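Report on the following structure.
For clarity, every value in this text was computed on a predicted model and none was experimentally measured. Just so you know, ligand 1 is whichever comes first in the structure, and atom 1 is the first atom listed for that ligand.
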Amino acid sequence: MNIQSTFNCLCTFVTYFCALMKKIQLQHPIFHKVQQAAENLQLESFVVGGFVRDQLLGRESKDIDFVCVGSGIDLAHEVARLISPKLKVNFFKTYGTAQFVWDGWELEFVGARKESYQEHSRNPIVENGSLTDDQNRRDFTINALAAAVNKGNFGQIIDPFQGLKDLDNGVIRTPLDPDITFSDDPLRMLRAIRFATQLNFHIEEKTLQAIQRNAKRIEIISQERITTELNKIILAASPSIGFKLLDETGLLAYIFPEMTALKGVEYVNKQGHKDNFYHTLQVLDNLAANTDNLWLRWAAILHDIGKPKSKRFEENNGWTFHGHEVIGERMAKQIFKKLKLPLNQELKYVQKLVRMHLRPIPIARDEISDSAIRRLLFDAGDDIDDLMLLCEADITSKNEAKVKRILQNFRIVRIKLKEIEEKDRIRNFEPPISGELIMETFQLNPCREVGMIKNQIKDAILDGEIANNFEEAKALMLKLGIEMGMKTK
Ligand code: ATP
Ligand code: MG
């Protein structure tokens, strides 16, 4: 065993031992500052929620939430003062919260509170409360764990709902009646699924059933909050876990019906097609193993989204989905709009990958010609590597030999792409002859012929008839112009 692994073992042991003792290690200097500030102000203070959960799981976190019995705003100011008089604290009197960033950590302070929801209003009535009141308002037992930061009990865990046990067993469960928890704030249903996906945890049966019963209430939640959770699911190691749960609970039909429409297999003359919902999830998981790029993962989700609309059964060919990539490209825009996802370069990128996701397939299948490779490079530009990742992830046949064979072909395509790119520099191809030069040479005003010459030069380069350089392109321009009856000046 080397020093590093001995050290890791020791850390795991200490963490485990501390959890057994219901204690947590609070090593970061911020905790001692909060302890000092809490003593100066005589406030009972705790670190609570996500940080405690993640610390016990050995996950990294970026934000720390503190709760005190009293004014969270006063506590934040005192902590900031102890760190540096220059630190700026943002605070919101109406909500009793304060926040500042220190050393890359986002620190939040709030006074312990009690929340009660009423049938007719989405916003709770908020009153000052005890730590227990504050733990009661939290969404899951594993998110309701608190650890004291006062002198006498530093690091002591307060766990009223057996959150430690749930953390150990990998269970998501609401502290109170799940129907009330979800009806009060329906976003919690998505959070349950998000945590189950990120942590690979199991949603306890009663909690899961309550999500099924309350799914429709997700409609009262703002699109921005929904989409934030959806993106967190998509960024998990196996996003399919989340999508299957969204589907099972009925939430998917409310928040993303286009994806539900991918479900199912239809048969004609005993011939079925693949279930495009499960296929898409497999593509997404395959891709997730190779990239953390959220937008590339979105391209996987949307690559076959046009299939239900293009589905036909043809006597000779069986099931076909002609043009689904073009329909998918259009649908991507509608979906991005509805989900309030960014409509600029992110959408353009996803649309391009959806539109092009079939392009490398025939190239890999047939004899690989240089000109097909050049055209692929020209159309994909800098997104060629991402397109190849998507195409490779799209191979989901159960026939292992077939998957191996196609992947091998794609490997050859990749080698060819590299060779041709090194030789011909097509990726960011700028035609070596500009429209201006054509007009100047033949004394033309802007007209159709200028475009024709430009296009023919581009095609000649992509087809390998001439090299991608100025001299050969200029020679071809002169030849084409003369053939068209033009005169040089
Ligand atoms: P992450 O930071 O990974 O998104 P988190 O659990 O830390 O996960 P935050 O949004 O940082 O989530 O919230 C911090 C804590 O506040 C949670 O751990 C939970 O105790 C509580 N919380 C957040 N959102 C809700 C909610 N909608 N309902 C009840 N409690 C919530
Ligand atoms: Mg957090």
Side-chain angles (χ1 to χ4, degrees), residues 24 28 30 46-68 72 95-99 101 104-117 122-126 129 131-147 157-164 166-167 171-201 203 207 210-211 214 217-218 220-222 224-237 239 242 251 292 294:
I24 181 176
H28 193 278
I30 185 65
F46 309 86
V47 51
V48 68
F51 179 84
V52 181
R53 177 199 68 219
D54 289 342
Q55 177 83 358
L56 290 166
L57 288 173
R59 287 175 93 219
E60 268 188 31
S61 29
K62 294 184 294 303
D63 51 341
I64 311 179
D65 296 296
F66 293 97
V67 164
C68 65
Y95 302 106
T97 60
Q99 176 271 340
V101 177
W105 288 84
E106 206 169 292
L107 309 170
E108 282 244 15
F109 298 81
V110 63
R113 55 164 100 166
K114 185 176 176 170
E115 285 183 353
S116 31
Y117 286 79
R122 246 184 269 170
N123 298 322
I125 300 172
V126 179
L131 174 69
T132 312
D133 290 328
D134 202 279
Q135 287 175 297
N136 278 336
R137 75 178 175 87
R138 295 186 179 260
D139 47 7
F140 306 110
T141 60
I142 60 165
N143 286 350
L145 290 161
I157 294 175
I158 299 110
D159 175 20
F161 310 111
Q162 302 209 302
L164 284 176
D166 285 343
L167 212 50
V171 173
I172 309 282
R173 179 204 316 270
T174 56
L176 308 176
D177 178 342
D179 277 307
I180 296 174
T181 300
F182 293 137
S183 168
D184 282 352
D185 178 1
L187 184 78
R188 293 167 181 165
M189 299 187 283
L190 284 184
R191 282 177 54 93
I193 292 175
R194 188 255 286 191
F195 288 118
T197 315
Q198 284 180 325
L199 306 176
N200 201 5
F201 274 26
I203 301 179
T207 303
I211 299 180
N214 289 279
R217 274 185 71 73
I218 199 66
I220 68 166
I221 297 297
S222 76
E224 288 81 355
R225 292 180 83 202
I226 292 176
T227 299
T228 301
E229 291 302 323
L230 194 59
N231 279 342
K232 286 187 180 178
I233 292 172
I234 294 169
L235 281 172
L251 282 165
D292 288 333
L294 175 65

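Checking only distances, K232 does come within under 3.5 Å of ligand 1, N or O to N or O. Ligand 1 has an N or O atom lying under 3.5 Å from an N or O atom of R53, backbone or side chain. Considering backbone and side-chain N/O of R138, one or more are found under 3.5 Å from N/O of ligand 1. For a threshold of 3.5 Å applied to N or O pairs, the pair formed by A144 and ligand 1 contains no separation below that value.
What sits closest to atom 14 (C) of ligand 1 on the protein, heavy atoms only, is D65 OD2, 3.3 Å. Among all non-hydrogen protein atoms, the one lying nearest atom 3 (O) of ligand 1 is R194 NH1, 3.3 Å. For atom 18 (O) of ligand 1, the nearest non-hydrogen atom of the protein is G50 N, 3.0 Å. The single protein non-hydrogen atom nearest to atom 27 (N) of ligand 1 is D185 OD2, 2.9 Å, given as residue, atom name and distance. In this structure, atom 28 (N) of ligand 1 lies nearest to the protein heavy atom R188 NE, 2.7 Å.
Here R137 does not pair with D133 in a salt bridge; the nearest charged N to carboxylate O distance is not below 4.0 Å. Ion pairing between R225 and D185 holds under the 4.0 Å rule for side-chain N and carboxylate O.
Considering T228, D139, L190 only, the shortest heavy-atom separation from atom 29 (C) of ligand 1 involves D139. The residue from R191, R225, E108 that puts a heavy atom closest to atom 13 (O) of ligand 1 is R191.
Residues V47 and V52 approach most closely at O-CG2, 3.5 Å, considering heavy atoms.
Remark: L107 CG to I30 CD1 distance equals 4.5 Å, nearest 0.5 Å. In this structure, CD on Q55 lies 11.0 Å from CD on E60, to the nearest 0.5 angstrom.
Ring-plane geometry between F140 and F182 is classed as tilted, the angle between the planes lying from 30 to 60 degrees on a 0 to 90 degree scale.
A distance-only check finds a donor-acceptor pair linking the side chain of T174 to the backbone of L176 [under 3.5 Å]. At least one donor-acceptor pair under 3.5 Å links the side chain of D159 to the backbone N or O of L164. R217 places a side-chain N or O within donor-acceptor distance of the main-chain N or O of S183, the cut-off being under 3.5 Å. Of the possible donor and acceptor atoms, none in the side chain of R191 sits under 3.5 Å from a partner among the backbone N and O of D139.
Contacts between L187 and ligand 1 below 4.0 angstrom, taking non-hydrogen atoms only, are absent altogether. Contacts between E106 and ligand 1 below 4.0 angstrom, taking non-hydrogen atoms only, are absent altogether. Contact annotation: for F195 versus ligand 1, heavy atoms closer than 4.0 Å belong to the side chain alone.
Residue D63 approaches ligand 1 through these ligand atoms, each under 4.0 Å from one of its heavy atoms: 2 (O), 11 (O). Of all atoms in ligand 1, numbered sequentially from 1 with element shown, those under 4.0 Å from a heavy atom of R137 are 29 (C), 30 (N).
At most 12 non-hydrogen atoms from other residues, nucleotides or ligands lie less than 6.0 angstrom from CD of Q162.
At a threshold of 2.8 Å, the Mg ion (ligand 2) has a backbone or side-chain N, O or S atom of D63 nearer than that distance.
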